[in-house]
There are 2 protein chains.
Amino acid sequence: MSDKPVSIRDVAKKAGVSPGTVSNVLTGRKPVNKDLADHVRKVAADLGYQTDRLASQLRTGKAQIIAVLVPDLDNPFFTSIVAAIEGCVSQENYEIIVANSNDDEETERSRLAAILAWRPAGIVVIPSTDRFPNRDLIERAGVPYVIADRVTHSPQADTVSVANEEAGEMAARHLLELGHRRILLAASVLGLGNMRERCAGAARVIEAAGAPAPEVLETGLTFDVASERLSKWLDGHERPTAIIGFTNFTTLGVLTALVERGIRIPHEMSVIGFDDYKWMCARSVPITAIRQPIQAFGQAIWSRLRNRIDGDTGPPMRVYLSCELIVRASAAAIGPKGPRTSNANDGNEQDNVREMARPDAGTGVKPGA
Amino acid sequence: MSDKPVSIRDVAKKAGVSPGTVSNVLTGRKPVNKDLADHVRKVAADLGYQTDRLASQLRTGKAQIIAVLVPDLDNPFFTSIVAAIEGCVSQENYEIIVANSNDDEETERSRLAAILAWRPAGIVVIPSTDRFPNRDLIERAGVPYVIADRVTHSPQADTVSVANEEAGEMAARHLLELGHRRILLAASVLGLGNMRERCAGAARVIEAAGAPAPEVLETGLTFDVASERLSKWLDGHERPTAIIGFTNFTTLGVLTALVERGIRIPHEMSVIGFDDYKWMCARSVPITAIRQPIQAFGQAIWSRLRNRIDGDTGPPMRVYLSCELIVRASAAAIGPKGPRTSNANDGNEQDNVREMARPDAGTGVKPGA
DNA sequence: GATTTACTGAAAAACGTTTTACAGGACCGT
DNA sequence: ACGGTCCTGTAAAACGTTTTTCAGTAAATC
């Protein structure tokens, strides 16, 4: 109800000191007599004073704001990353601004501009495209940022991503061990670095095993077209014995396409999905999947960004985290008999985060097909 | 790279005018000669000037920030609402700050305090508890806010929610039409108004049909305990023929509990879920569910909040939106023969948003059991 | 005992805007 | 010619902080 919020001046007057002293007491930037400090603190508390962060951070130059720009706020993978980051930063008195680029380069640009006008302390962005041309906006503004997930290395900026090739390898190896040889890789869009790497990892292992090079199908970025394309593809091609979905949406697409075609899992088709969600277990044949370490992801992003905010001017770093294969029932041994699930879960639980300086920057991985 | 961002003073100097004039040109708050205005705009564009929103909004008093406080950022329902709101507000040059209360009253309070320090233009909050005692913080700050989802009416504030009773009725009626009489209602926590209302709606319809009053099971707020409690309950009670999950997490819990017990859907148990997600269709027996109108939800929240920000001082409004029953295969007719699905989808597609002033405020709905 | 040093806190400048107050014309009607 | 009203733009105040500068006192050093 009280229209004007209580200001530092009010506190100062009531406490009989100068505003500067109140500031020094509250921020602790300059020492002030213990007794007086206590008094000021008490008055501030009594008045319910809350420092106006707008004003405070106008003066100090940077806002305690971390902006997170994602390509799709309706994709639970991205929101889970936002959640993980929020958990980290809120403990250090930062606030999070979210923006949605809708996988569109133009809106990405405009959202980025709007966000930069807040002079945020840092930005984490999951680019809408691999090249991320809108980077120039951030760089011109001189705001620290890290690129996450989709772009796995960049000569200009820190990147945090998953060990994509390794993830692809894990999935493929699991299928090979189960006897599969004709494997379909379902990626969202090969224009994305992480997709190329996952496919490359899988393809390498598969070919190394002497199996035919896997086919790669691009299912697009949304769920709806994913299942559609999958269905169409299944109609027009010799049927593989296993499919790896390299994205949560593609996994969902694979699953519904199989339902539509009446192809049963795992008897007629083995499936490995990406990401680990509750619904994967809420089925009679729970889904074997590659789990991305979301919490660690968020922490790694924040820790990198934090360093930059604190003034780290070292060369761009590339951080990547290992995924984990969660063996369940949707990938089964091939052969005359029915499903036989394996539980060769050798996931390396600890030490799943590595950092490396980047001498090797810029060497993109070729698509697997 | 340029360390100091270009300020309005720089533009003014280069354009040969005063800072005030630049401001007037850019904000359009006072008229300025057309030619001069164009010139200023050009200079501003050349210099890549972007007004510092911190400074701007310090002066004007309120930040173009909408804070969204949700109980669980890992729950896709809540994040989908955030996404819907973000879509609305970003078009009007507002930015969204998200905060996670983690379903805990204390962290809710501290997050709220942190958020209020930004002097946001408005707040939308999905309270962690029904009573929402932390409301006092917002009210003391005098910031407009709307309460969403969980609390469906409040004498002090606008509420936007779903037509919960109606939703419960729809689900129950569908099951009754399919011949079910012993129905279990799975709610998250009956301390939440929306849960009580959904249960009440279902219970009323069921009892009106002469069927025994339905049992209500509280499954808790997280997925893990949900399935656990469900499993335990199923062991200790006579088995119903149908279950309604009144939350996406409880639905997931129901589904996995049934999987664990080897109870098949819909042959041995019919299930109606809540919310509409992709995974519900990615199964051989897709899930019949109550869909909440997420987009409309976000729009209604924003429109209400917008009005308040613009100075609407009318009495608190209660807005509620109708849900839709999506008939699929997980709820089947009971009887000697196997599953028979109905497609009696009479959902009222249009006119699913209503507003009403609140003379009836404060009359809570009783829990259904 | 004089001079430095250390400490404490007040006063004022600064951050980048917006807004208010005002000044200088031009234009109008008398 | 004169006072009034527009019109357009400048100068300066203001927003609520933090930071810098400085003054006054007490302690320490010679």
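Heavy atoms only: backbone and side chains are in, while hydrogens, waters and symmetry mates are out. Keep in mind that this is a model prediction, so the values were computed, not measured. Throughout, a chain's letter reflects where its sequence line sits, starting with A, and its residues are numbered from 1.
Close to C/dT18, at under 4.0 Å from its OP1 or OP2, lies a side-chain N or O of B/S23. For A/S7 and D/dG16, the shortest distance from a side-chain N or O to OP1 or OP2 is not below 4.0 Å. Side-chain nitrogen and oxygen atoms of B/T21 include none within less than 4.0 Å of the OP1 or OP2 phosphate oxygen of D/dG9.
In this entry the distance linking NZ of B/K62 with C1' of C/dT18 reads 16 Å, nearest Å. Taking atom CD of B/Q64 as the reference point, atom P of C/dT17 lies 15 Å away to the nearest angstrom. The CG-P distance, from B/L36 to D/dT8, rounds to 11 Å in whole Å. With rounding to whole Å, A/K30 atom NZ is found 10 Å from D/dT21 atom P. Summarising the geometry, the separation between NZ on A/K13 and P on D/dG16 is reported as 12 Å, rounded to the nearest angstrom. If you measure from atom CG of B/L26 to atom P of C/dG16, you get 16 Å, rounded to the nearest angstrom. As rounded to whole Å, 16 Å separates atom C1' of C/dG24 from atom CG of B/N33. In this structure, CZ of B/R29 is placed 18 Å from C1' of D/dT8, rounded to the nearest angstrom.
Checked against D/dT19, D/dT10, C/dT17, the side chain of A/N24 finds its nearest nucleotide in D/dT19. Residue B/T27 has its side chain nearest to C/dT18 when only D/dT18, C/dT18, D/dT10 are considered. You'll find that the side chain of A/I8 is closest to D/dT18, out of C/dG9, D/dT10, D/dT18.
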Practice problem: For A/R304 and A/D312, run salt bridge (Lys or Arg N to Asp or Glu O under 4.0 Å): C-alpha distance rounded to whole Å, both residues' side-chain angles, the deciding distance at 0.1 Å, then the answer. | Solution: CA-CA 9 Å; A/R304 206 76 275 289; A/D312 175 357; 3.1 Å; yes

Quiz item: A/V40 and A/V17: side chain to side chain contact (heavy atoms under 4.5 Å, CB included), yes or no, with the steps?
Solution: CA-CA 8 Å; A/V40 168; A/V17 297; 4.1 Å; yes

Self-check item: From CA spacing to verdict: side chain to side chain contact (heavy atoms under 4.5 Å, CB included), B/W302, B/V89
Solution: CA-CA 7 Å; B/W302 175 232; B/V89 308; 3.5 Å; yes

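A salt bridge links B/D38 and B/R41; the closest N-O separation between the charged side-chain nitrogens and carboxylate oxygens is under 4.0 Å. A salt bridge does not link A/E108 with A/R135: none of the charged nitrogens is closer than 4.0 Å to a carboxylate oxygen.
Summary of the strand contacts: A/K34 and B/V22 both lie near DNA chain C, and taking for each the nucleotide with the nearest heavy atom, the more 5' one is attributed to A/K34.
Of the residues in residues 42-60 of chain B, B/L58, B/R59 come within less than 4.0 Å of DNA chain D through at least one heavy atom, sorted by number.
Remark: the backbone N or O of A/D104 is not paired with any side-chain donor or acceptor of A/N102 at under 3.5 angstrom.
Across B/V70, B/V98, B/N100, a single residue satisfies side chain to side chain contact (heavy atoms under 4.5 Å, CB included) together with B/F78, and that is B/V70.
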